[in-house]
Amino acid sequence: MTSTPQPEQQPSREPQSSLEPVEPAWAIGAAVCLQHTPSYLKTADPMPMLRPPDLVDLNEVGTVVGQRSMGQLAVRFRRGTFLIAAAALVAAPDGQPASP
């Protein structure tokens, strides 16, 4: 008696959408702080410029004012509005107001 060969069971792979956000999504108006000091800051102007990183302190609270492509957010700090990667931001501690 011969048995019919059974197809091998392969682990199921669920398709992953490339549109799923990898970084946390920040809402416009959210209060955020930097996780680490970047090597430079890029302004969010129509003609962006690179600026030194000491314009923003790690404990300074900024406000998300816009979302850009490639996971970049426009964040307004005391000394200007800069493009920062969403992964480089953390939520501001409670009780700290965002910069005006």
Side-chain angles (χ1 to χ4, degrees):
M1 184 169 183
T2 61
S3 63
T4 307
Q6 297 291 330
E8 292 184 23
Q9 295 283 337
Q10 294 185 2
S12 65
R13 293 186 179 181
E14 295 181 21
Q16 294 181 348
S17 171
S18 62
L19 300 177
E20 293 178 14
V22 176
E23 294 89 16
W26 296 101
I28 304 296
V32 295
C33 293
L34 292 174
Q35 277 186 343
H36 55 82
T37 304
S39 56
Y40 61 87
L41 294 170
K42 185 175 183 179
T43 63
D45 300 327
M47 177 68 82
M49 295 181 356
L50 298 180
R51 306 289 294 163
D54 61 352
L55 293 177
V56 178
D57 297 325
L58 284 180
N59 58 356
E60 186 175 344
V61 178
T63 305
V64 176
V65 294
Q67 296 179 353
R68 306 291 166 85
S69 64
M70 305 290 291
Q72 300 282 314
L73 297 173
V75 182
R76 179 177 293 133
F77 289 101
R78 180 173 44 106
R79 294 186 181 169
T81 303
F82 303 101
L83 294 176
I84 301 175
L89 298 171
V90 294
D94 290 338
Q96 288 191 357
S99 60

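The first residue of the sequence shown is numbered 1, and numbering continues consecutively from there.
Between Val61 and Ala92, the shortest heavy-atom contact is CG1-CB, 3.8 Å. The two residues Thr81 and Ala74 come nearest to each other via the heavy atoms CG2-CB, 4.2 Å. Considering every non-hydrogen atom in both Lys42 and Pro48, the closest pair reads CE-CB, 3.7 Å. The two residues Leu41 and Pro52 make their nearest non-hydrogen contact at CD1-O, 3.6 Å. Smallest separation of non-hydrogen atoms from Asp54 and Arg79: O-NH1, 3.6 Å. In terms of heavy atoms, Val64 sits closest to Ala27 at CB-O, 3.7 Å.
Between Leu34 and Phe82 the shortest side-chain heavy-atom distance does not fall below 4.5 Å.
Taking hydrophobic clusters as Ile, Leu, Val, Met, Phe, Trp and Tyr residues chained together by side-chain heavy-atom distances below 4.5 Å, Leu55 shares a cluster with Leu73. Using a 4.5 Å cut-off between side-chain heavy atoms of Ile, Leu, Val, Met, Phe, Trp and Tyr, with links allowed through other members, Ile28 and Leu89 fall into the same hydrophobic cluster.
Looking at Gln67, its side chain does come within 3.5 Å of a backbone N or O of Trp26 through a donor-acceptor pair. Counting only distance, with no hydrogens or angles, the side chain of Thr43 and the backbone of Met49 share a donor-acceptor pair below 3.5 Å. In this structure, Glu60 contributes its side chain and Arg78 its backbone to a donor-acceptor pair below 3.5 Å.
Clustering of Ile, Leu, Val, Met, Phe, Trp and Tyr side chains at separations under 4.5 Å places Leu50 together with Tyr40.
Residue Ile84 holds its CD1 atom at 8.5 Å from CD of Gln72, rounded to the nearest 0.5 Å. Interatomic distance, CG of Asn59 versus SG of Cys33, reported as 7.5 Å (0.5 Å rounding).
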